Novice: 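My questions will all concern the structure given below.
It should be emphasised that the depicted structure is a prediction, and the values quoted were computed from it without experimental measurement.
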Amino acid sequence: MSESVSPGGPGMTVASAFAGMRSVAPVLFRAGCPDCRGRFELAASALRLAIGASSRTTFYSFTCPECGAAVRKPAGERIVELLTGGGVRTLRLHSTV
């Protein structure tokens, strides 16, 4: 495979084509703790998403950075879409039936 890129003209390399690109800032999610009422931003790595067979078994969770409480909140379709798009690790739950 050649490193030259035809649309950019002769002599353009992959490295020069991507030279002006900047790195993407990490995604932050706003969250709140029901225990201490703290409000904060969390990186995708601080959240976990569990997708179950129903809305009752689909939720996201995190540990409150202010009080240390384990927080679990329901996740509707839009929340699931935002969290997965932002790189949150996802666990798919399977029914035992």
Side-chain angles (χ1 to χ4, degrees):
M1 178 175 193
S2 171
E3 280 194 37
S4 64
V5 179
S6 5
M12 179 177 265
T13 66
V14 172
S16 64
F18 289 100
M21 295 183 73
R22 290 183 273 167
S23 63
V24 177
V27 176
L28 293 176
F29 296 94
R30 290 187 188 144
C33 177
D35 289 354
C36 73
R37 302 264 189 223
R39 303 197 68 63
F40 37 81
E41 291 183 336
L42 296 171
S45 61
L47 295 154
R48 297 292 175 266
L49 174 63
I51 300 177
S54 71
S55 60
R56 297 180 84 197
T57 57
T58 300
F59 60 91
Y60 66 98
S61 62
F62 59 91
T63 300
C64 175
E66 294 185 14
C67 72
V71 179
R72 178 175 162 166
K73 295 188 175 188
E77 286 182 37
R78 181 69 177 139
I79 298 293
V80 169
E81 184 181 314
L82 291 170
L83 294 176
T84 54
V88 172
R89 285 196 281 179
T90 303
L91 173 67
R92 296 212 179 262
L93 304 175
H94 298 282
S95 67
T96 56
V97 179

Novice: Mind listing the closest non-hydrogen atom pair of G32 and F62 along with its distance?
Specialist: O-CZ, 3.6 Å

Novice: Could you tell me whether the side chain of T58 and the main chain of A75 form a donor-acceptor pair under 3.5 Å?
Specialist: no

Novice: Verify, without hydrogens or angle tests, whether T57 (side chain) and S54 (backbone) share a donor-acceptor contact under 3.5 angstrom.
Specialist: yes

Novice: For C64 and F40, which heavy atoms make the closest approach, and how far apart are they?
Specialist: SG-CE2, 3.8 Å

Novice: For residues 51-73, which residue pairs qualify under salt bridge (charged side-chain N to carboxylate O under 4.0 Å, His left out), counting only residues two or more places apart or in two chains?
Specialist: none

Novice: Taking side-chain contact (heavy atoms from CB on, under 4.5 Å) as the definition, give me every residue that meets it alongside T84, ordered by chain and number, with sequence neighbours left out.
Specialist: L49, V80, T90

Novice: Excluding sequence neighbours, so at least two apart, what forms side-chain contact (heavy atoms from CB on, under 4.5 Å) with A46?
Specialist: L42

Novice: Measure the shortest side-chain to side-chain distance between F29 and V88 over non-hydrogen atoms and say whether it is less than 4.5 angstrom.
Specialist: yes

Novice: Supply the atom-to-atom distance R48 CZ to T63 OG1, rounded to the nearest 0.5 angstrom.
Specialist: 9.0 Å

Novice: The criterion is side-chain hydrogen bond (donor to acceptor under 3.5 Å, both in side chains); which residues satisfy it with R78, sequence neighbours excluded?
Specialist: E81

Novice: Flag the pair P74 / S55 as yes when at least one side-chain heavy-atom distance between them is below 4.5 Å, and no otherwise.
Specialist: no

Novice: Please list all pairs passing the side-chain hydrogen bond (donor to acceptor under 3.5 Å, both in side chains) test where one or both residues lie in residues 26-47, with sequence neighbours left out.
Specialist: none

Novice: Once rounded to the nearest 0.5 Å, what's the spacing between atom CZ of F59 and atom CG of L91?
Specialist: 7.5 Å

